[in-house]
Colleague: 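Provided herewith is a single structure, encoded as structure tokens, for subsequent inquiry.
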Amino acid sequence: MSPSPSPPPPDERLAAGAARLSTRYAGRFAPETVLRLLADSYTRLAEHARIRTHLIVLAERLTAERLEALAHTQGLTDGGRVRVLFVCSHNADRSQMAAALLAHRAGDAVTVSSAGTHLTEDVEPFVGQALTEAGVDLIDAYPEPLTEEVVEASDVVITMGCGDPCPVMPGRRYLDWPAPDPDGAPISLVRDARDAIDTRITELIAELGA
């Protein structure tokens with residue numbers, strides 16, 4: 001059975017979200033650019049969502065991240081901070097853990113993103129549990145699609161041993177971090193994956209001087 005087509009974006013709520021983002025980014029991006037990216041973000045997320053109650057909210061968050069990345073590449077921000085992107089297939093486990101650990105450990109010294117090439121709908125529950133045990137907050141995390149703006153804005157792009165294709169941009173540093181796959185695994189193996197990733201995070205922070 002073929003998957004059901006994604007529903008069209010709800011025009012009124014999409015327009016309201018675009019208005020909020022246009023006000024936030026006034027002077028940097030035209031309203032038409034904001035609306036185009038918001039509609040695209042909504043469509044990408046809707047392709048993988050069974051429950052669409054909060055889809056506009058998530059699309060706004062994704063669009064804001066894309067606009068921040070676009071502003072960075074266009075020289076519209078102060079820059080300065082190293083930008084690191086973690087990529088795995090579903091953005092539901094390894095890349096989420098890596099991004100959360102780096103953000104927790106490096107704080108404001110690094111801008112951290114994560115994304116997936118073949119999204120699933122939710123972050124794996126045991127991932128949140130394993131991070132909470134390590135004192136790391138994963139509240140409000142959700143699988144995000146890999147977008148051109150975020151890749152282009154990144155200084156370091158790290159794939160998580162999944163063999164995921166990622167656009168190659170000149171001047172970026174590309175790394176691959178093989179780690180145990182926690183998808184559907186018991187919590188003990190998820191903890192092993194967390195600890196393996198955290199060791200690499202420690203090394204990366206030292207390299208970046210963050």
Side-chain angles (χ1 to χ4, degrees), residues 13 16-17 20-21 24-25 37-38 41-42 44-69 81-147 149-150 153-154 156 158 160 162 177 179-202 204-205 210:
R13 293 184 62 200
R20 286 189 291 269
L21 288 169
R24 179 176 171 183
Y25 291 96
L37 282 179
L38 179 58
S41 295
Y42 180 94
R44 293 190 190 208
L45 292 171
E47 289 176 357
H48 308 279
R50 293 192 304 270
I51 301 173
R52 298 182 169 89
T53 306
H54 304 293
L55 203 54
I56 285 291
V57 174
L58 297 181
E60 280 192 53
R61 286 174 55 188
L62 177 59
T63 302
E65 183 174 351
R66 296 173 71 180
L67 288 168
E68 290 290 343
R81 291 190 293 181
V82 175
R83 302 177 71 95
V84 179
L85 169 64
F86 294 97
V87 180
C88 70
S89 295
H90 302 308
N91 193 217
D93 39 62
R94 283 169 286 189
S95 58
Q96 289 280 0
M97 284 197 289
L101 287 164
L102 179 57
H104 177 74
R105 299 272 299 279
D108 293 336
V110 178
T111 298
V112 186
S113 300
S114 69
T117 54
H118 301 87
L119 293 191
T120 189
E121 185 171 12
D122 298 308
V123 176
E124 289 289 330
F126 279 167
V127 168
Q129 179 181 338
L131 288 173
T132 297
E133 292 172 357
V136 180
D137 186 5
L138 199 66
I139 294 175
D140 296 331
Y142 67 100
E144 300 183 29
L146 185 67
T147 63
E149 298 86 5
V150 174
S154 299
V156 183
I158 302 174
M160 306 302 294
C162 310
W177 288 2
D181 186 357
D183 184 15
I187 185 62
S188 60
L189 293 183
V190 178
R191 292 183 183 120
D192 289 344
R194 175 202 64 200
D195 293 343
I197 292 169
D198 197 38
T199 297
R200 290 185 176 271
I201 292 293
T202 300
L204 179 66
I205 289 174

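Note that this is a predicted model, so its numbers are computed, not measured.
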Colleague: Within the structure provided, determine whether L204 and I158 are in side-chain contact (heavy-atom separation under 4.5 Å).
Modeller: yes
Colleague: When P182 is tested against each of E124, M97, R191 for side-chain contact (heavy atoms from CB on, under 4.5 Å), which residue passes?
Modeller: M97
Colleague: Please examine the side chains of R24 and L67, heavy atoms only from C-beta on, and report whether any two atoms are closer than 4.5 Å.
Modeller: no
Colleague: Would you compute the distance between atom NE2 of H90 and atom CD of Q96 and round it to the nearest 0.5 angstrom?
Modeller: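 Reported value, rounded in 0.5 Å steps: 12.5 Å.
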Colleague: Measure across F126 and A185 and return the closest heavy-atom pair with its distance rounded to 0.1 Å.
Modeller: CD1-O, 3.2 Å
Colleague: Are any of the side-chain heavy atoms of L45 and P145 separated by less than 4.5 Å?
Modeller: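 Touching, per the 4.5 Å side-chain cut-off.
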Colleague: Could you tell me whether the side chain of S113 reaches within less than 4.5 Å of the side chain of E65, counting heavy atoms only?
Modeller: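 Yes; the side chains approach each other to less than 4.5 Å.
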Colleague: Hey, does D140 have a side-chain heavy atom less than 4.5 Å from the side chain of R61?
Modeller: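 R61 reaches D140 side chain to side chain.
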Colleague: So do the side chains of L119 and N91 get within less than 4.5 Å of each other, counting heavy atoms only?
Modeller: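 In short, these two side chains touch, coming nearer than 4.5 Å.
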Colleague: Look at the side chain of R44 and the backbone N and O of L146, then say whether any donor-acceptor pair between them is shorter than 3.5 Å.
Modeller: yes
Colleague: Can you find a heavy atom in the side chain of T63 that is under 4.5 Å from one in the side chain of Y42?
Modeller: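 Answer no - side chains too far apart.
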Colleague: Check whether any side-chain heavy atom of D198 lies under 4.5 Å from a side-chain heavy atom of R105, and answer yes or no.
Modeller: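 A side-chain contact exists here, since the closest heavy-atom pair is under 4.5 Å.
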